[in-house]
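The sequence lines fix the lettering, A, B, ..., with proteins before strands; numbering per chain opens at 1. These numbers come from the heavy atoms of this one structure, side chains and all, not from hydrogens, waters or symmetry mates. Keep in mind that this is a model prediction, so the values were computed, not measured.
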There are 2 protein chains.
Amino acid sequence: MAEELLLLGSWGSPFSRRVEMALKLKGIEYKYIEEDLTNKSPSLLKYNPVHKKVPVLVHNGKPVVESLVILEYIDETWKDHPILPKDPYERAHARFWAKFIDEKSSIAGFKACCWGEEKEREKAKEEAFEKLQFLENELKEKRFFGGENIGLVDITGNIIGYWLGVFEEASGVKLLTREKFPKLCNWADEFVSVSAIKENLPPRDKLIATLRRRFGGVNASK
Amino acid sequence: MAEELLLLGSWGSPFSRRVEMALKLKGIEYKYIEEDLTNKSPSLLKYNPVHKKVPVLVHNGKPVVESLVILEYIDETWKDHPILPKDPYERAHARFWAKFIDEKSSIAGFKACCWGEEKEREKAKEEAFEKLQFLENELKEKRFFGGENIGLVDITGNIIGYWLGVFEEASGVKLLTREKFPKLCNWADEFVSVSAIKENLPPRDKLIATLRRRFGGVNASK
């Protein structure tokens, strides 16, 4: 049977772009289906009845959802160009930081830029600095979180390496400065210049325009 | 070098009990260190500087944190009695449900029992019913979420199979009824009767007393 690999995604979503980045890094062909998130398709509702969200990877008719779960699935299914290390301890270490980015640092960063009242944003800013400092320290002298090559943490970190800068520009709030976070800034520069990553970044202008439409009210009140 | 395996945990925490359950299921010996969470030890702060929480598994001096990350580490390090399936698709499926329990269903359940004002609790109750229904459906005709044997989803589900009932009793709010969720109730009965699980359940009375001390005010306002 010929392999059938579909990705239900959304152009501006860092979560669905993560999946594309991993597939591109591994050189796997897939068919991409853009979802209109304001009018979800029957396929999306069928394949992800629990969360009804992108990304959904459908492999020979079987759906896999949640970006971190999909990344592990891809790595276990197509072994070339591994994105997780082999050693169990290093794997646990990578999973820890991917989870940290997903649940802690990116939420604080986006809250600081866009959500809530000014007082809440100030609090979120402090929190974002604290979380970003952990990532700064974790980079040590490494080129990528994954070492010499892009791995799970880097791909998960697309939300910091690219989207955070876009949120900053759209909102006028600056978090990731070279002065405070030199290693993270260097990492972000390196990250977005890798071709499998660069090809999967949504156009900055389009993303900024979308964010300004969505969050304009909040920022206008500053 | 002799293996050194320490677990920093807390007797009443479903998260640290998950680790003990997995270690017991696999027959791995470890040294348990009870943490006083009101006065955290230098070891806890050293080994988990990011979250400063239990559980922390320290294997030959190297710490692994976050219960789901630890469970995967244990399964990759000690292969006997696997708690994750072999097939990548089934592994992804298990990871999805473990994440769902961790992030969605248990939070809704505990909110319904204990947190916030009555209006919020009513909303959380509806949400908890919806999440529990997904788990009810997922069980199908299986004995455990892992099939014939306890796996990752069952262990993660300890929070529903045991702690939720304790929260219910402490708060007087009932969510998991046999009428609404017959399969989940049967599963919970089977789950807590497996010896490696039963040995790792904190005493019900002690847990209820602790919860009543902590949440008494909220429930008294009903």
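The environment of A/K140 atom NZ is dense: over 12 non-hydrogen atoms of other residues, nucleotides or ligands sit within 6.0 angstrom. Within a 6.0 Å sphere centred on CG of A/N186, other residues, nucleotides and ligands contribute more than 12 heavy atoms. Atom NZ of A/K174 is surrounded by more than 12 heavy atoms from other residues, nucleotides or ligands within 6.0 Å. Crowding of B/E199 atom CD: a count of heavy atoms from other residues, nucleotides or ligands under 6.0 Å exceeding 12. Atom NZ of B/K46 has 12 or fewer heavy atoms from other residues, nucleotides or ligands within 6.0 Å. The environment of NZ in B/K53 is sparse: at most 12 heavy-atom neighbours from other residues, nucleotides or ligands sit within 6.0 Å. Within a 6.0 Å sphere centred on NZ of B/K123, other residues, nucleotides and ligands contribute 12 heavy atoms or fewer.
Between B/R91 and A/E76 there is a salt bridge, since at least one side-chain N of the basic residue sits less than 4.0 Å from a carboxylate O of the acidic one.
Atoms NE2 and CZ, on A/H51 and B/F134 in that order, are 8.5 Å from each other to the nearest 0.5 Å. Distance check, rounded to the nearest 0.5 Å: CG of A/D87 to OG1 of B/T77 gives 8.0 Å.
Shown here for B/V69 and A/A92, the closest heavy-atom pair between the two residues is CG1-O, 3.4 Å.
Proximity to chain B (any heavy atom under 4.5 Å) is shown, for A/K131, by neither the backbone nor the side chain. Contact annotation for B/E130: neither backbone nor side-chain heavy atoms come within less than 4.5 Å of a heavy atom of chain A.
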For B/W97 and A/V50, run side-chain contact (heavy atoms from CB on, under 4.5 Å): C-alpha distance rounded to whole Å, both residues' side-chain angles, the deciding distance at 0.1 Å, then the answer. CA-CA 10 Å; B/W97 286 110; A/V50 176; 3.9 Å; yes
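Ring geometry for A/Y73 against B/Y89 counts as perpendicular: the plane angle is over 60°, on a 0 to 90° scale with 30° as the lower cut.
Here A/R95 is the residue among A/H59, A/R95, A/E66 with the most heavy-atom pairs under 4.5 Å with chain B.
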